[in-house]
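In what follows, a structure is listed as structure tokens, so that the remarks can point back to it.
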Amino acid sequence: MAKDEIIYDFIAIERKWQEFWEKENTFKAEDNSQKPKYYALDMFPYPSGAGLHIGHPEGYVASDIIARYKKACGFNVLHPMGWDAFGLPAEQYAIKTGTHPSLTTQTNVDNFRRQIKSIGFAIDWEREINTTDPSYYQWTQWIFLKLFQRGLAYVDEKPVWWCPNLRAVLANEEVVDGKSEVGNHPVERRNLRQVVLRITSYAEKLLQGLDDLDWPDSTKRQQKAWIGRSEGAEVEFPIDGQDDTLTVYTTRPDTLFGATYMVIAPEHPLLEKLVNSPKKEEVNNYVQMAAKKSDLDRTDLAKNKSGVFTGSYCINPINGERIPVWVADYVLISYGTGAIMAVPAHDERDYEFAKKFGIEIKRVIANLNECSEKSKLPYSGDGVMINSNEYDGMEASACKEKIIADLEAKAMGKGAVNYKLRDWIFSRQRYWGEPIPLVWVSEADYENSKAVDGVLKNLIPEDPVTTNKDGHTLYALPLPPTELPLKLPEVENYQPSGTGESPLATISDWLEIWFDLESGKSISHKEPKPDGKNWVPATRETNTMPQWAGSCWYHLRYIDPKNSHSLVSRENEAYWGGPDFYIGGAEHAVLHLLYARFWHRFLYDEGVLTNPEPYKKLFHQGLILGEDGNKMSKSIGNVVNPDVVIDAYGADSLRLFEMFLGPLEAVKPWSEKGIEGVHRFLRKVHRECHNASKHCDGEETNKETLRILHETILKVTESIEDLRFNVAISQMMILGNHLQKVDSYSVNTAKKLLQLLAPFAPHLAEELWEELGGISSIVNESWPKAKKELLVNEEITIVFQVNGKLRGQGQFPKDADKNTILTVAKQDEKVMSFLENKEIVKEIYVPGKLVNFAVKP
RNA sequence: GCCCGAGUGGCGGAAUUGGUAGACGCUGCGGACUUAAAAUCCGUUUCCAGUAAUGGAGUGAGGGUUCAAGUCCCUCCUCGGGCACCA
């Protein structure tokens with residue numbers, strides 16, 4: 001090796017090209033382009049104080065490879081980045097230190113941006129967004145007001161998770177096994193006033209929309225399960241001796257004859273009427289005990305059923321039988337009608353309950369597979385109706401519709417659909433979130449606002465949104481869009497108020513206002529009341545939005561990030577549409593991805609957008625584990641810092657290695673030795689491109705080199721399309737190894753390799769492209785095309801098998817015919833030894849591949 | 001408990017519609033270059049038997065279909081993920 005070999009100075013090379021791209025604005029996405037568009041989106045990060053984790057770049061590199069590849073294929077590419085910067089950690093830090101969350105956020109964002117830039121992504125930084133920027137959250141608030149206007153937002157007392165340590169309300173998804181996800185503190189139930197979004201009215205659309213999406217199956221399945229659609233019937237059970245009827249929901253109307261008791265949830269409104277006086281005390285005690293139980297307790301005790309007989313009976317509408325009504329907390333008030341008919345013979349839970357309390361168990365479906373009416377109970381499968389009067393002998397599944405129709409005819413029931421999906425508790429009792437742009441006024445002022453000919457008139461929902469405060473009913477009015485953004489006020493103390501309300505509730509200057517019913521303008525109540533009869537006293541909503549809000553629509557803002565007139569212009573929306581590719585962690589399979597679909601569909605219904613679904617193609621990158629195979633964590637001390645890796649090996653090596661680790665979707669461990677391997681490959685490419693003595697001008701003449709080159713072009717192209725980057729890299733290594741072995745090769749061959757490598761290791765590719773006399777930037781070159789005619793060898797290798805076992809092989813011209821090959825194969829020495837004294841039963845020839853002789857002795 | 005997904009060398013992982021299992025990388029071992037080291041290059045590395053040629057076994061386990069199975073079918077085991085009183 002020559003002593004004056006040029007070393008691969010990745011630090012200088014990477015700095016040079018990052019500056020070049022920035023100066024040239026290389027990755028600017030054009031809004032007014034004749035080219036077809038391609039929009040590659042990453043789930044944007046929460047800029048934490050800990051800085052970039054080695055897992056972050058995995059998805060970003062993948063989308064960057066696609067972005068750069070699509071650019072080479074002639075697309076106008078949008079690959080943006082931004083910050084999901086509202087959230088609990090900055091607020092917790094503020095509570096501890098008094099530092100304003102916006103300062104913490106700014107510092108963290110700067111650090112994240114520096115780190116991300118150091119990896120050399122093809123990002124259009126002019127489109128950077130930040131959810132905490134008022135010019136961004138103005139539109140988050142705008143969307144909320146639209147939802148409010150359409151009656152999709154309401155206020156309700158809801159039991160929520162309260163964490164005394166964090167002094168904050170947590171969402172269901174932030175509570176894991178009865179502990180807070182952040183910090184692992186105990187949590188308890190509290191009833192608090194909440195703003196709720198009616199996502200349930202989109203249940204059907206959200207379910208059906210899944211069918212057309214190119215998403216991982218598991219994610220679609222999770223969303224389907226979360227929405228939880230079921231079909232069945234609502235059946236009316238008259239209460240014996242009263243005028244009321246108890247309505248139940250069941251998915252098994254075919255088992256109606258098997259109902260031997262009823263259960264209502266402890267919170268059911270009819271409970272009081274159903275309780276007979278001798279039972280009153282017992283029932284009251286039970287209800288109180290159930291109310292004290294948290295959901296966790298209910299879940300923990302899932303298998304240990306409890307309940308109390310109310311003393312009342314219902315009449316089975318199908319056969320007139322009297323059925324006892326029980327109250328039990330295994331029936332949930334929030335699902336269906338909050339009451340069930342219990343069929344212990346064909347439902348596991350009812351069976352368990354009936355066994356415990358000695359209630360009759362009556363089989364009405366025969367299991368045909370077990371050939372016996374005495375097969376094991378409970379039985380929930382298909383079968384034939386028995387003990388069901390006129391329905392006996394019918395197929396149970398077919399009987400469902402028949403019974404529903406018969407009940408409908410008698411006005412005793414109807415077909416019904418239910419969803420597990422619950423409405424979305426949208427408020428957080430926190431400081432660091434988007435303020436909810438509502439104000440609360442008296443009933444009289446609310447009525448007045450509808451009469452006044454002002455901006456509010458058309459922004460108010462059909463049904464008023466109300467809440468109770470200190471015995472008074474207050475009415476919600478929206479701020480008009482012209483008053484947005486409603487900015488977060490400065491606050492002295494970031495602690496939530498002791499009552500569980502947001503810190504905003506403690507700032508009376510901001511909280512209490514004069515509000516103009518005509519213009520929607522507001523001023524602090526500290527100011528004198530302005531002239532004009534429409535100025536009324538009001539209080540602001542103190543809740544803020546959850547972190548999900550900003551991420552529900554950020555994919556739209558990148559399309560038109562600086563628009564101050566609308567969240568996205570019609571022209572830009574029409575051109576860019578939604579992301580063509582979306583990548584992020586599987587942990588967002590349900591929540592973020594469902595909420596974003598909800599908002600996007602809503603905006604589509606409002607005519608703001610042209611497509612109902614936000615993310616056509618979705619991919620989840622797999623977790624990168626520590627070298628020890630454990631999840632990276634500070635406490636184990638197996639965390640890999642990307643800054644350190646870049647210092648030691650360069651950004652190109654980091655990029656290449658994250659893709660070489662294994663399949664993109666797989667969970668896979670980091671390896672220090674592994675990154676040395678890919679780094680060695682980049683050095684090899686660098687060395688070969690500087691090895692001028694091996695370079696020839698003109699087209700490549702070595703046939704083998706040509707074949708491998710075009711094989712590589714083909715395989716890399718296909719692999720990028722299929723997101724199998726590890727395979728693409730292997731193939732480039734094969735080409736690299738080959739170039740190293742041959743005496744000489746065309747500069748064109750090396751340049752083609754650089755083009756293939758450019759999406760993966762862009763800095764080195766740019767540098768060597770320039771060294772080899774390439775003009776301008778390599779990102780402007782169009783993607784190489786594989787010539788398939790070069791892929792075929794002049795000679796083909798045919799494998800000889802006897803009974804499927806490899807016994808020899810031979811070289812043949814590529815157009816050799818079957819008989820020639822079979823003849824040669826039979827004369828092969830080794831093959832002959834296995835054919836001796838045996839009868840050939842069958843001769844198989846797979847063109848271009850193999851021959852196989854099936855023999856028997 | 002229910003629903004998915006995955007099990008391939010010492011390790012990460014490759015293998016078109018069933019058609020040469022172990023590409024590529026790492027590690028280990030041996031060698032070249034060097035005063036020495038680094039760097040680089042060459043060879044070797046699934047297991048068993050054998051000095052070798054070679055033979056046999058082999059893709060979690062056991063069956064099956066087929067000329068041919070990592071790939072298709074059945075049963076089971078292990079690991080990972082999701083759901084978990086939703087009637």
Side-chain angles (χ1 to χ4, degrees), chain A residues 1-2 5 7 216-219 221-222 224-226 228-230 232 248-252 255 263 295 298-299 301-305 328-332 334-343 346-350 352-353 380 418-422 586-587 589-590 620 622-623 627 629 656-657 660-663 665-678 680-681 683-684 687 718 724 726-734 736-737 740-741 797-809 830 840-856:
Chain A
M1 198 52 55
E5 186 197 337
I7 59 155
D217 278 343
S218 62
T219 305
R221 253 198 314 276
Q222 279 182 59
K224 267 185 195 157
W226 192 264
R229 183 185 200 273
S230 76
V248 305
Y249 174 73
T250 177
T251 56
R252 295 296 302 272
T255 62
V263 184
D295 276 14
R298 281 204 190 185
T299 311
L301 302 171
K303 296 295 159 205
N304 193 7
K305 300 231 169 359
D329 67 0
Y330 82 91
V331 169
L332 309 174
S334 50
Y335 183 78
T337 61
I340 62 160
M341 63 177 212
V343 185
H346 304 289
D347 182 282
E348 213 174 303
R349 298 150 299 182
D350 299 343
E352 205 185 318
F353 191 87
S380 57
N418 256 306
Y419 302 91
K420 287 190 204 172
L421 186 69
R422 304 290 155 82
E587 67 273 20
V590 174
H620 302 304
L623 210 60
E627 199 141 9
L656 205 61
F657 186 55
F660 189 64
L661 272 172
E665 68 278 14
V667 178
K668 57 236 161 198
W670 183 261
S671 154
E672 186 72 22
K673 287 289 181 189
I675 194 167
E676 280 175 22
V678 295
R680 217 169 286 161
F681 165 65
R683 270 211 308 257
K684 187 181 287 184
R687 198 177 333 115
E718 286 176 351
R724 291 152 44 83
N726 53 333
V727 181
I729 295 166
S730 300
Q731 185 61 40
M732 288 189 279
M733 285 174 167
I734 291 171
N737 290 347
Q740 177 198 283
K741 281 195 181 78
T797 305
I798 300 290
V799 169
F800 307 150
Q801 294 180 342
V802 179
N803 279 346
K805 290 214 163 92
L806 179 67
R807 297 302 179 194
Q809 59 177 46
K830 216 197 272 176
I840 296 180
V841 191
K842 204 167 176 183
E843 295 174 348
I844 290 108
Y845 172 62
V846 181
K849 294 263 185 196
L850 57 78
V851 298
N852 187 13
F853 301 108
V855 299
K856 64 180 185 189

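Below, read A as the first sequence line, B as the second, and so on, with proteins coming before strands; counting in each chain starts at 1.
Distances shorter than 4.0 Å separate some side-chain N or O of A:Lys842 from OP1 or OP2 on B:C67. Put simply, A:Arg683 has a side-chain N or O that comes within less than 4.0 Å of OP1 or OP2 on B:U40. Distances shorter than 4.0 Å separate none of the side-chain N or O atoms of A:Tyr330 from OP1 or OP2 on B:A87.
Between the CD atom of A:Glu348 and the C1' atom of B:G1 there is a distance of 7 Å, rounded to whole Å. Straight-line distance from the CG atom of A:Leu661 to the P atom of B:G13: 8 Å, rounded to whole Å. Taking atom CG of A:Asp217 as the reference point, atom C1' of B:C3 lies 13 Å away to the nearest angstrom. If you measure from atom NZ of A:Lys305 to atom C1' of B:A84, you get 12 Å, rounded to the nearest angstrom. What separates CD1 of A:Ile729 from P of B:C24 is a distance of 15 Å, to the nearest Å. Across the protein-nucleic acid pair, A:Met341 atom CE and B:A87 atom P stand 13 Å apart, rounded to whole Å. Rounded to whole Å, atom C1' of B:C67 lies 12 Å from atom CD1 of A:Ile840. What separates NZ of A:Lys668 from P of B:A14 is a distance of 10 Å, to the nearest Å.
Closest to the side chain of A:Gln222, out of B:U40, B:G82, B:A23, is B:G82. Nearest nucleotide to the A:Ile734 side chain, out of B:C24, B:A57, B:U40: B:C24. The side chain of A:Asn852 sits closest to B:A68 out of B:A68, B:A87, B:A57. Distances from the side chain of A:Tyr335 to the nucleotides B:G12, B:A15, B:A87 place B:A87 closest. The side chain of A:Leu332 lies closest to B:A87 when the candidates are B:A87, B:G19, B:U20.
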Starting from the C-alpha separation in whole Å, work towards a yes-or-no answer on side chain to side chain contact (heavy atoms under 4.5 Å, CB included) for A:Ile675 and A:Phe660.
CA-CA 9 Å; A:Ile675 194 167; A:Phe660 189 64; over 6 Å; no
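Residue A:Arg724 is the one, among A:Gln801 and A:Arg724, whose nearest nucleotide of RNA chain B lies closer to the 5' end (criterion: closest heavy atom). If you find the closest nucleotide of RNA chain B to A:Ile844 and to A:Arg807, the one lying nearer the 5' end belongs to A:Arg807.
Because its NZ or CZ atom is both nearer than 6.0 Å to the ring centre of A:Tyr330 and within 45° of the ring axis, A:Lys305 counts as a cation-pi partner of that residue.
If you take atom C1' in B:G13 and the same atom in B:A23, they sit 10 Å apart, rounded to whole Å. For the C1' atom pair drawn from B:U54 and B:G64, the interatomic distance equals 33 Å after rounding to whole Å. Rounded to whole Å, the separation between the P atoms of B:C72 and B:U59 comes to 15 Å. With both ends at atom P, the span from B:C48 to B:G10 equals 9 Å, rounded to whole Å. Comparing B:A15 with B:G70, their P atoms are spaced 16 Å from each other, to the whole Å. On the C1' atoms, B:A14 is 14 Å away from B:U71, given to the nearest whole Å. Nucleotides B:U34 and B:U27 place their C1' atoms 25 Å apart, quoted to the nearest Å. Annotation: B:G19 and B:U46 have their P atoms spaced 23 Å apart (nearest Å).
Listed by chain and number, the residues in a side-chain contact (heavy atoms from CB on, under 4.5 Å) with A:Glu843 are A:Leu822, A:Lys826, A:Ile840, A:Phe853 (sequence neighbours excluded). Evaluation of the salt bridge (charged side-chain N to carboxylate O under 4.0 Å, His left out) rule for A:Arg252 yields A:Asp254 as partners, not counting sequence neighbours. Every residue meeting the side-chain contact (heavy atoms from CB on, under 4.5 Å) condition with A:Lys842, not counting sequence neighbours, appears here in chain and number order: A:Ile844, A:Ala854. Residues satisfying the salt bridge (charged side-chain N to carboxylate O under 4.0 Å, His left out) test with A:Lys668, not counting sequence neighbours, are A:Glu58.
Base orientation at B:G9 is syn, since its O4'-C1' glycosidic dihedral falls within 90° of 0.
Here B:U54 sits opposite B:A49 as a Watson-Crick or G-U wobble pair (both hydrogen-bonding atom distances under 3.5 Å). Within the shown strands, B:A6 is the pairing partner of B:U78 under the Watson-Crick or G-U definition, both distances less than 3.5 Å. Using the Watson-Crick or G-U wobble rule with both distances under 3.5 Å, B:C11 pairs with B:G25. Base pairing of B:C83 is made with B:G1, judged by Watson-Crick or G-U wobble geometry with both donor-acceptor distances under 3.5 Å.
In this structure, A:Leu850 reaches the bases: a heavy-atom distance under 4.0 Å links it to at least one base atom across the strands shown. Among the atoms of the strands shown, only primed sugar atoms or phosphate atoms (P, OP1, OP2) are found under 4.0 Å from some heavy atom of A:Lys830. Using a 4.0 Å heavy-atom criterion, one finds that A:Ser230 contacts the sugar-phosphate atoms exclusively. Using a 4.0 Å heavy-atom distance criterion, A:Asn726 is classed as a sugar-phosphate-only contact.
Between A:Thr251 and A:Tyr249 the shortest side-chain heavy-atom distance falls below 4.5 Å. For the pair A:Phe681 and A:Met732, the minimum side-chain heavy-atom distance is below 4.5 Å. At least one side-chain heavy atom of A:Thr255 sits under 4.5 Å from a side-chain heavy atom of A:Met341. Under the 4.5 Å side-chain criterion, counting only non-hydrogen atoms from C-beta, A:Arg680 is in contact with A:Glu676.
Counting only distance, with no hydrogens or angles, the side chain of A:Asn418 and the backbone of A:Ser230 share no donor-acceptor pair below 3.5 Å. Counting only distance, with no hydrogens or angles, the side chain of A:Asp347 and the backbone of A:Ala342 share no donor-acceptor pair below 3.5 Å.
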Check nucleotides 42-46 of chain B for protein N or O atoms closer than 3.5 Å to its own N or O atoms and list the pairs.
| from | atom 1 | to | atom 2 | distance (Å) |
| --- | --- | --- | --- | --- |
| B:C42 | OP1 | A:Gln740 | NE2 | 3.4 |

Which pairs, protein N/O on one side and nucleotides 25-30 of chain B N/O on the other, fall under 3.5 Å?
| from | atom 1 | to | atom 2 | distance (Å) |
| --- | --- | --- | --- | --- |
| B:G25 | OP1 | A:Asn737 | ND2 | 3.1 |
| B:C26 | OP1 | A:Arg680 | NH1 | 2.7 |

